Amino acid sequence: MGLNIRAIGTFVFYIVMLTLVSIFTGGIADQAQFGSDRVCLLFVGNYHNGGAGWVLDADSPACGIAVGIGILGIIITSGLGIISTWFAFTDKHRAKRLILAFAVLASLYTIVILVGVAVASAGIKKSCHEFEEARQKESCSKIFSDGFTADDNDYLEHKNLGTIKAAVTCGWMLTLGWLVHAASEWWTWKKASERWW
């Protein structure tokens, strides 16, 4: 039994996709939320000095949406990865209906992750604009690193804007990866449809 390049390539592809979706999910979950209520720092509004400190309105569900889409991606990537890698290592051909199911699922998740990443990207841009407009001499990155305090606790939670931006970048790379994967599955389905079995 020789080296199965297709199987190794399939395995590596899904590991990379799983890494990207994990970074996207973890970065948003850990760095774009604070406090025990998981207050979301995407689409922040009305940021101003309230006398005792800086106050903001943060009632956006964007973090929950992005994290939920990321968790869904971890599940889908793991499932498709295990099945695809098994087929690749055993040198068995997938049935046409299974290929079609993979193509449809990959296409749908491409759209879903595109929405999630676009929301996260727009949300952090809006929040940074709000922060920098209110505190004109400070960068968004410094405001994040200075930290935030939730109403239900007294400790300061320091956040890292670079991690959030890295998570969003991984999300865009993930979207491109799913787009390529969906196109590959549709091409495979087209080729499989030409077989008589």
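Residue indices begin at 1 and follow the sequence shown. Since we're looking at a predicted model, the values are computed, not measured.
Heavy-atom contacts from other residues, nucleotides or ligands closer than 6.0 Å to CH2 of Trp187 number 12 or fewer. Heavy-atom neighbours of Phe11 CZ from other residues, nucleotides or ligands within 6.0 Å: at or below the threshold of 12.
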Got a list of side-chain donor-acceptor pairs under 3.5 Å for residues 64-79, not counting sequence neighbours?
from, atom 1, to, atom 2, distance (Å)
Thr77, OG1, Gly73, O, 2.6
Ser78, OG, Ile74, O, 2.8

Side-chain atoms of residues 168-179: list all donor-acceptor pairs with protein atoms under 3.5 Å, sequence neighbours left out, distances to 0.1 Å.
from, atom 1, to, atom 2, distance (Å)
Thr169, OG1, Lys165, O, 2.9
Thr175, OG1, Gly171, O, 2.9

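For residues 76-87, no residue pair satisfies the salt bridge (Lys or Arg N to Asp or Glu O under 4.0 Å) rule, not counting sequence neighbours. Listed by first then second residue, pairs satisfying side chain to side chain donor-acceptor pair (under 3.5 Å) with a partner in residues 10-29 read Tyr14-Ser84, Tyr14-His181, not counting sequence neighbours.
Val180 is not listed as a side-chain neighbour of Phe13, based on a closest heavy-atom distance of 4.5 Å or more. Between Phe144 and Leu41 the shortest side-chain heavy-atom distance falls below 4.5 Å. Side-chain contact between Ile28 and Ile164: present, with at least one pair of heavy atoms (C-beta onward) separated by less than 4.5 Å. Annotation: side chain of Phe148 is not in contact with side chain of Val39 (no heavy-atom distance under 4.5 Å).
A search for disulfide (SG to SG under 2.5 Å) contacts involving Cys128 returns Cys140, not counting sequence neighbours. Partners of Val115 under the side-chain contact (heavy atoms from CB on, under 4.5 Å) rule, at least two apart in sequence or in another chain, are Val119. The salt bridge (Lys or Arg N to Asp or Glu O under 4.0 Å) check on Lys159 picks up Glu157, with sequence neighbours excluded. Residues satisfying the salt bridge (Lys or Arg N to Asp or Glu O under 4.0 Å) criterion with Asp146, sequence neighbours excluded, are Arg135, Lys142. Residues forming a side chain to side chain donor-acceptor pair (under 3.5 Å) with Glu132 (at least two apart in sequence, or on another chain): none. For His129, the side chain to side chain donor-acceptor pair (under 3.5 Å) partners two or more places apart in sequence, or in a different chain, are Glu133. Every residue meeting the salt bridge (Lys or Arg N to Asp or Glu O under 4.0 Å) condition with Asp91, not counting sequence neighbours, appears here in chain and number order: Arg6. For Lys125, the salt bridge (Lys or Arg N to Asp or Glu O under 4.0 Å) test picks out no residue, with sequence neighbours left out.
When all heavy atoms are compared, the tightest approach of Phe43 to Ser60 is CD1-OG, 3.7 Å.
Interatomic distance, Ser141 OG to Asn160 CG, rounded to the nearest 0.5 Å: 7.0 Å. Here CD1 of Ile99 is found 11.5 Å from CH2 of Trp186. Values are rounded to the nearest 0.5 Å. Note that OG1 of Thr188 is 11.5 Å distant from CG of Leu98, once rounded to the nearest 0.5 Å.
A donor-acceptor pair under 3.5 Å is formed between the side chain of Ser127 and the backbone N or O of Val44. Judged by distance alone, with hydrogens and angles left aside, the side-chain atoms of Glu130 form a donor-acceptor pair with the main-chain N or O of Tyr47 at under 3.5 Å. Side chain of Arg94 to main chain of Trp189: no donor-acceptor pair is present (N/O by atom type, distance under 3.5 Å, no hydrogens or angles).
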